[in-house]
Structure formats: structure tokens, C-alpha cells
Amino acid sequence: MSDREAAAACKAWPFQEAQRVLQRIGGKCPEKGYVLFETGYGPSGLPHIGTFAEVVRTTMVRHAFATLSDVPTRLFAFSDDMDGLRKVPDNVPNQSMLSEYLGKPLTAIPDPFETHESFGHHNNARLCAFLDSFGFDYTFQSATECYKSGRFDPVLRKVLEHYDAILNAVLPILGKERQATYSPFLPISPKTGHVLQTPVIARDVSAGTITFEDEDGTKTELPVTAGHCKLQWRVDWAMRWTALGVDYEMSGKDLIDSVRIGNQICRILGGTPPEGFTYELFLDENGEKISKSKGNGLSVEEWLRYAPPESLKLFMYQSPRKAKRLYFDVIPRNVDDYLSFLAKYEEQSADERLANPVWHIHEGSPPRETLHMTYSILLNLASACHAEESSVIWGYLSRYAPTASPETEPILDALAQHAVHYYQDFIKPTKRYRAPNDVERAALEDLAQALEALPTNLDAEGIQTEVYEVGKRHPFPELKAWFKALYEILLGQSQGPRMGSFIVLYGRAETVALIRRALAGALLGKEDVS
RNA sequence: GAGCCCGUAGCUCAGUUGGCAGAGCAUCUGACUUUUAAUCAGAGGGUCGAAGGUUCGAAUCCUUCCGGGCUCACCA
């Protein structure tokens, strides 16, 4: 079976989606010369995990499609940057300046960060930087540019022509209040520059204009073309599908009705609605919808501090139609699942590979992983050996696999780095060191000297015996108390790893130094005062 | 009201063309000359929400029902 046949038979959802796209175009290249995938972005906020999810998933479908067909593809990341600013975001500078521009298109508002041509341009740049950091292949599209350049003009005129039909399509899903003032066209006031939400009083199809009442009450006539008017979002979406010839766009289940309306409008405009895919929303650990304003759930940045992007992509790949909880605890699991899919890939047949998530995550060519070490082991390791940096973990890993190094095992190296972050943020703050009493002090001094005197090639077992011997030489009620003291004084926790293996892992000289610092009271400063 | 998702071990969930019910954690037992919680080995634990149907065979497909959750109707 060829790759293409195998892909056509593959049940993995990106292939199923790609099949629908292939059927849509009837196996032939569309007139525009390519199959168009689109993802939308509202630039009044910064890119977030939902943006990421949509682009990753769309990219997976796009790549699956490229495996099924030779028809070229493009992905537009479309920014609705002509949208009027409704509210001043509280996470940006120059708040008072921005408040003077409320109601104006984002691309007509100065950049509060003073680094770009406009606020819209600034956020667009943030979007692109965000997407670039993951290496996504896309073409950025600006709504402002599309409107002003006339690219949307032919379809805008059609919207005017089929005004009533479009109105009738949208009205049923609106509330009563909204129905009264609703207009698909949002004229941009020539006087104030505001995007107006105002009824259309008259329209002239042949001239391509609408008449409305401007903010100061004067009757104003404006062309619907060339950027003089924007469209209300649902109609805007459908117009864009029609004008650009969008073949595929996914959206959240909260938009189901809007997609339905959009499809109707698209047909009214003479277009063919894109193939859609409705994905489920993300929930937090309590099963509540994740929203930026509530700040629940998890940000992309948080995830990437503790785990590599591939694990987040895996999360996005898995069950997109299922409402999944997105919170901290799911990270380690997704890392380990990613690693095991990666390991499994090596021994799979060609068509099994197509259903392996790593095939989709890495666009058909996943990296080879030679040293298999789960993330949970690394997390344990990081906390057991007090890993302030990944080199400590590597100290252990190179003993385990002498030929391995950060250079030969980049995946493992990244994981080690992430495990250190995990240790620093979650384990270390819980540590509480205490000062030794006189008996313990003497025993620790004894241990430090004993460790220095031991033959350098002694193994973990031998060191363990020596630790034991030192304990016996001092008046502990029972040896249990000696080990407990070691953990509490040196590691800041009431239990810990076997001392012999810990010392080998942490380093003999380093352990001696650690003991000396403990004796000097230097570890007490690390105590968490909270 | 309309629509979507979920219900599988104590917990969180896998289960990919229907073919002997799985993982992680938790629990229990044992090993490793310290510890209930480094690590390792092993064990117990499920009427797959319920009832019908299709099938030689259903966690999986169809129907109905029960239970839980979410979304839409202001903005995009």
C-alpha cells in the first residue's frame, strides 16, 4: 500500500478532515491555485492557548491533506485588525491615551507600546512572533489591508445587493434589542473615525453606497467598499470565506450557530462555505470554561516552562472534540505520552505510523529518540538531587548511559531543563531546613571527613555502608533518627533517597560541601519563611 | 428553548477500522543492611451509567432513557 492509500484509509482525525477537503475540491486544484486553510485572530488581545490550539490543529489537517494530494495549500492567519476598540485592555501601558481612541479601528490607534505603526500592528506582530516561535508555516493577512486595498470590494457589493436576505439570515439568532439596531454594515464615521453600529437608512446598490446617521446626526452616504465600511463579524466571516475562497476553517463549539448562519450567508453571496470542524472548549480543573479574563486554566507560557512544545501539541492533537481539562497536572502525563508515542513510532509499520500522534506533531518526520527516560523519572531525579541546573541531572544520566550527552540527546536535555524548573517552582519552596543539634553536628563532621577519606571508586552500596557506620559511631537513639536528620538538615525534607545512591548522584565532593554549608548554617537561609 | 460533550478500577483518564477490559496515581505485599511516600518486583480492584436492538461476538455500531457538564440567545 502506498503512503497515499494508507493515508486515505487512516482513521486519525486529521486525515478524516483532509479527506473532506479533498472531496470538497473534487480532487482538482481550485481556481485560485491552492487549497486555503484559515485561522482567525482577534487582535484586541494577545495570542493565547486557544490561538495555539487552532493553528496546530489546522496545520495537522493541512499536512495530512498534503499527504493525500499534490494540490498546493496555504494557511492564512487572518487578523481582524479593523475591529473597533471596545475596551482599554488593562495589561498595556498608556491607558489614558488609549481611552481617547475607543471605538476606532485597531489599526487607527497609536501603539501604546510605541514600537509599531498602530496598536493593531503591534498585536499583529505579537501574533506572528508567537506563531514563528513554534515554526508554523502560515501567511499573515490583515483585515484592514484587505478592506482598504479593495480585495473585498466585489463581495462587499454583493452583501449590499443581498442585504435583505443576509439580514434575514442573521436576525433569528439575535436578541430582540439587538435586532432593532442591527446592520451588517458598520460604517466608519468620516468625522470621528469610529466604527459605527448604526442602522442603515438607505442603500444604493448600483452606486455601492449606504446612508446612515453619523454621530453628530448628519445623514451621511458612504461607499461600502475600499475600507469605508466594515462588516459586522458574522457577515464579515462569511464575506471573507467567499472573497478569499476559504476551504477549511475550524472553530469552537460556542460558534456553532454562527457557523451555520455564516454558511447561509456565504451561499447567498455565491460562495461555497468552507469545510468546518467544531472543536470542544477547554475546561479548568473544576470543569469550568477557560477564559482569559478569569485567568483560570493554563497559559502557553506556563506549559512551556515545564514541558516541551511537542507535549502541548500532543494535548491539542488528542480528542479535539472532547471537552478536556487543561491544568497543570496534565502536563507530565502528556510529556510521557509523547515520549512513548515517539518510542513506539520506531517499531511501527508505515501505515501504523500515520495514526501515531507524533507523525502529526512533527509533520511526518518525528525525531529519533535513543535514550528513553520518562519525564516522571526526571522529575523525581530533579527533586532527589536538588537539581538547580540540568547538569546535575546529566551527571546521573551519563552514568546511566555513558555515551549520552546534551548534544546527542536534545530531547532528553530539554526535558532535564524542564524538570529543573519543576523542581525550582514546586519542590524547592516546600523545603524546610533545620539546624543540627550537637550530636548531629558531630556526626555530620565525622561523615564529611569519612567521605573525603573513602576510596574514590567506591560504589553507592559502599558509601551507604559508610554512612551507616558513621551513624553507629554516634549516640543516636536508633539509626532511623540519623537518616532522618540527614534528610532534614541537608535536604530540607523529612524523607529522601537512599543516601548512598544520592551521594553518588550528587557527587562526593559536592556532598561534603553541602554538609559543610549545613554546618555553617548556610542552608537555613533557604528556609521558606511563609 | 436549541446544540455539543461526557458517564470505563478509589482518583484522572486510554481503549484507532466490533475480537479475552488497560495505563498512571492511590491501596496492599515483598525486596533493597534508614523512612508510610528514592528505586525495583508483585498483588488486589471494574455487571464499561441503564434498557433494548444489529452481530457468531458490542466498552466500541443503532434507538430510547437516566445522570453530570458546557455552549449559544450582549461582544467578537
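Convention: sequence-line order gives letters A, B, ...; per-chain numbering from 1. Scope of the values below: all heavy atoms of this structure, side chains included, with no hydrogens, waters or symmetry mates.
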**Q** Can you check the A:Asp257 CG to B:C72 P distance for me, whole Å?
**A** 10 Å

**Q** Figure out the CG/P separation between A:Leu171 and B:C72, and round it to whole Å.
**A** 20 Å

**Q** Between A:Trp13 and A:Phe277, does the ring centre distance come in under 6.0 Å?
**A**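 Distance test on ring centres: under 6.0 Å, yes.
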
**Q** Side chain of A:Ile256: nearest nucleotide among B:U34, B:C4, B:U71?
**A** B:C4

**Q** Figure out the CG/C1' separation between A:Leu314 and B:G24, and round it to whole Å.
**A** 15 Å

**Q** If you measure from the P atom in B:G42 to the same atom in B:G18, how many Å do you get, rounded?
**A**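 After rounding to an integer number of Å, I get 34 Å for this pair.
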
**Q** Between atom CG in A:Asp337 and atom C1' in B:G22, what is the gap in whole Å?
**A**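 Atom CG in A:Asp337 sits about 13 Å away from atom C1' in B:G22.
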
**Q** Only pairs with both distances under 3.5 Å count, Watson-Crick or wobble alike; so what is the partner of B:C70 in this structure?
**A** B:G3

**Q** Please measure how far the C1' atom in B:G69 lies from the corresponding atom in B:A26, and state the result in whole Å.
**A**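 Those two atoms are separated by 26 Å.
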
**Q** Can a salt bridge be assigned to the pair A:Arg20 and A:Glu275 using a cut-off of 4.0 Å between side-chain N and carboxylate O?
**A**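 Looking at A:Arg20 and A:Glu275, the cut-off is met.
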
**Q** Which nucleotide wins on minimum distance to the side chain of A:Ala355, given the candidates B:U16, B:U34, B:A14?
**A** B:U16

**Q** Could you check how far OH of A:Tyr317 sits from P of B:U16, rounded to whole Å?
**A**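 Going from A:Tyr317 (OH) to B:U16 (P), I get 12 Å.
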
**Q** Could you tell me how far B:G3 sits from B:U17 if I compare only their P atoms? Round to whole Å.
**A** 30 Å

**Q** On a whole-Å scale, what distance lies between the C1' atoms belonging to B:C61 and B:U16?
**A** 15 Å

**Q** Is the positively charged end of A:Lys324 above the ring of A:Phe282, judged by distance under 6.0 angstrom from the centroid and angle within 45° of the axis?
**A** no

**Q** If I pick the C1' atom on B:U60 and the same atom on B:G15, what distance separates them, to the nearest angstrom?
**A**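 Each nucleotide's C1' atom is 9 Å from the other's.
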
**Q** So, A:Asp81 and A:Tyr41: side-chain donor and acceptor under 3.5 Å apart, yes or no?
**A**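 Looking only at side-chain atoms, A:Tyr41 and A:Asp81 do not form any donor-acceptor pair under 3.5 Å.
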
**Q** Is the terminal nitrogen or CZ of A:Arg240 (NZ for Lys, CZ for Arg) located under 6.0 angstrom from the six-membered ring centre of A:Phe78 and within 45° of that ring's axis?
**A** yes

**Q** Measuring from the side chain of A:Leu281 (C-beta onward, heavy atoms only), which nucleotide among B:U71, B:U33, B:A76 has the closest atom?
**A** B:U71

**Q** Ignoring backbone atoms, establish whether A:Gln232 has a side-chain N or O less than 4.0 Å from OP1 or OP2 of B:A76.
**A** yes

**Q** Within less than 4.0 Å of OP1 or OP2 of B:A14, is there a side-chain N or O belonging to A:Lys322?
**A** yes

**Q** Between the side-chain atoms of A:Lys253 and the base atoms of B:C70, is any donor-acceptor pair under 3.5 Å?
**A**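 Side chain to base: pair present.
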
**Q** Check every strand shown and say whether A:Leu486 touches a base, only sugar-phosphate, or nothing at a heavy-atom separation below 4.0 Å.
**A**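 Counting heavy atoms under 4.0 Å across all strands, no contact is made by A:Leu486.
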
**Q** Using a cut-off of less than 4.0 Å, is there contact between a side-chain N or O of A:Arg86 and OP1 or OP2 of B:A76?
**A**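 So the side-chain polar atoms of A:Arg86 do come within 4.0 Å of the phosphate oxygens OP1 or OP2 of B:A76, strictly under.
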
**Q** Should the pair A:Glu280-A:Lys322 be classified as a salt bridge under the 4.0 Å nitrogen-to-oxygen rule?
**A**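 So A:Glu280 does not pair with A:Lys322 through a salt bridge.
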
**Q** Is the shortest distance from a Lys or Arg side-chain nitrogen in A:Arg441 or A:Asp446 to a carboxylate oxygen in the other one below 4.0 Å?
**A** no

**Q** Please name the nucleotide paired to B:C48 by Watson-Crick or G-U wobble geometry with both distances under 3.5 Å, or report none.
**A**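 Partner of B:C48: none found under 3.5 Å.
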
**Q** Using the P atoms only, state how far B:A37 lies from B:G22, rounded to an integer number of Å.
**A**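 Pairwise P distance, B:G22 against B:A37, rounds to 29 Å.
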
**Q** Nearest of B:U33, B:C13, B:A14 to any side-chain atom of A:Tyr468?
**A**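 Looking only at side-chain atoms, A:Tyr468 lies closest to B:U33.
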
**Q** Of all the nucleotides listed (B:G69, B:C13, B:U34), which has the minimum atom distance to the side chain of A:Arg333?
**A** B:C13

**Q** Can you tell me the pairing partner of B:C32 across any strand shown, Watson-Crick or G-U wobble, with both distances under 3.5 angstrom?
**A** none

**Q** Between A:Lys11 and A:Asp80, just flag the one whose closest nucleotide in RNA chain B comes earlier from the 5' side.
**A** A:Lys11

**Q** Between A:Ile261 (CD1) and B:A76 (P), how many Å, whole number?
**A**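 Taking CD1 of A:Ile261 and P of B:A76, I get 15 Å after rounding.
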
**Q** If I pick the C1' atom on B:G57 and the same atom on B:G19, what distance separates them, to the nearest angstrom?
**A** 7 Å

**Q** Taking CG from A:Leu255 and C1' from B:A2, how many angstroms apart are they, rounded to a whole number?
**A** 16 Å

**Q** Could you give the distance separating B:A9 and B:G46 at their P atoms, to the nearest angstrom?
**A** 10 Å

**Q** Without decimals, in angstroms, what is the distance between A:Ile173 CD1 and B:A76 C1'?
**A**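 So the two atoms are 12 Å apart, to the nearest Å.
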
**Q** Under a 3.5 Å cut-off for both contacts, is B:A38 paired Watson-Crick or G-U wobble with anything, and if yes, with which nucleotide?
**A**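 With both distances under 3.5 Å required, B:A38 matches none.
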
**Q** Which nucleotide, if any, forms a Watson-Crick or G-U wobble pair with B:G22, using both distances under 3.5 Å?
**A** B:C13

